[in-house]
Protein chains: 2
Amino acid sequence: MSGETVTVGEAARLTGVSAKMIRWYEARGLLPPAARSAAGYRHYGEIEIRALHFVRRARDLGFDVEAIAGLLALWSDRDRPSAAVKAIAQARIVELRRRIAALEGMARSLEHLADACCGDDRPDCPILDDLSAGLGERAPREKRTPP
Amino acid sequence: MSGETVTVGEAARLTGVSAKMIRWYEARGLLPPAARSAAGYRHYGEIEIRALHFVRRARDLGFDVEAIAGLLALWSDRDRPSAAVKAIAQARIVELRRRIAALEGMARSLEHLADACCGDDRPDCPILDDLSAGLGERAPREKRTPP
DNA sequence: GATGGACCTTCCCACCGTGGGAAGGTCAAG
DNA sequence: CTTGACCTTCCCACGGTGGGAAGGTCCATC
């Protein structure tokens, strides 16, 4: 019979999506409203559990809510063109690569600065010098306007 | 002299930190309360502008508010040990590398999937297959305590 | 002077995604 | 019946950022 249904907490345990998040996804329209018991408890069957797994996996891949909603819609459409799915994935890849590049730039800058900083008891620090650079003079140690 | 002071808007234009954010940083204690005119307008001198530049630059390097507060404190302490600064920078580097690795993993998975997806009119899609897979394998199977 | 527009002030609300917790209802076991 | 685990909704918080309302100020121009 496959009539076994579980509550949110159980669904959370099964899928790795917290009960809070399950309710939140539902409220945001990402998931359809769950079936309710007479007392108002949400109940989830195998298909819903599968959808939650899907959401979890997509979330792990860095998709945001909108994208996941789109993927879910395509997932449940048996006639979807695979091109539509691929487009979403590729947009996500572009975004990921963009963010990676940004973080990489930061990391490299910082590594460069940290390498130049001897890191001892003395106050001379290229890191702070760099952070305060770009205006006029560098350090705030000269508190008064330089000549 | 050098009593030239500017308002928030001007400071924002000069430093690239929005007026909103300047006020927010002040409210969060990241920046000391700005001097006020009789009418209550904030006014910023060269030193404050410098600090804002510093904040902007640190933000661009991915430091969060707490770290920036720490860096600012060290920046204005002439006797700080450079090791303290370096420690903050290195912690940031570790965090950046961690996030880069996470994003990189996602990007690679997605690229792999997208490569396998032909992206045409047909519904067969390895991407969706992967997203909905893993139910039987990776998921912690229901290990209900026996009655 | 007055007027108008650009600016300032504070305050609230929104976003994303997540967690914490309160107040109250339900269910199953003892 | 009581107890404790669970459910419900609702509010609040976070980091940062933006939007906007309601009201006060500054300055140039008439």
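Keep in mind that the numbers below use all heavy atoms, side chains included, and drop hydrogens, waters and symmetry copies. Protein chains get the first letters and strands the later ones, always in sequence-line order, with residue 1 at the start of each.
- The existence of a salt bridge linking A:R98 and A:E95 is confirmed by a sub-4.0 Å separation between a basic side-chain nitrogen and an acidic carboxylate oxygen.
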Give every donor-acceptor pair under 3.5 Å between a side-chain atom in residues 64-77 of chain A and any protein atom, sequence neighbours left out.
{"unit_1": "A:D64", "atom_1": "OD1", "unit_2": "A:A67", "atom_2": "N", "d": "3.2"}
{"unit_1": "A:S76", "atom_1": "OG", "unit_2": "A:L72", "atom_2": "O", "d": "2.9"}
{"unit_1": "A:S76", "atom_1": "OG", "unit_2": "A:A73", "atom_2": "O", "d": "3.2"}
{"unit_1": "A:D77", "atom_1": "OD1", "unit_2": "A:D79", "atom_2": "N", "d": "2.9"}

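- Partners of B:A39 by side-chain contact (heavy atoms from CB on, under 4.5 Å), not counting sequence neighbours, listed by chain and number: B:S37, B:Y41.
- The stretch residues 8-32 of chain A participates, sequence neighbours left out, in no ring-ring contact (aromatic ring centres under 6.0 Å, His included) pair at all.
- A:I22 places its CD1 atom 14 Å from the C1' atom of D:dC6, with the value rounded to the nearest Å.
- Salt-bridge annotation for B:E26 and B:R23: absent, with no side-chain N of the basic residue lying under 4.0 Å from a carboxylate O of the acidic one.
- Within residues 55-73 of chain B, no residue has any heavy atom under 4.0 Å from DNA chain C.
- Close to D:dT25, at under 4.0 Å from its OP1 or OP2, lies no side-chain N or O of B:S37.
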What does nucleotides 2-13 of chain C look like as a protein-contact string, B for base, S for sugar-phosphate only, - for none, at under 4.0 angstrom between heavy atoms?
-> -----BSBBB--
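- Heavy-atom neighbours of B:R97 CZ from other residues, nucleotides or ligands within 6.0 Å: above the threshold of 12.
- Using a cut-off of 4.0 Å between Lys/Arg side-chain N and Asp/Glu carboxylate O, A:R108 and A:E111 are scored as not salt-bridged.
- For B:S82, the side-chain hydrogen bond (donor to acceptor under 3.5 Å, both in side chains) partners two or more places apart in sequence, or in a different chain, are A:D120.
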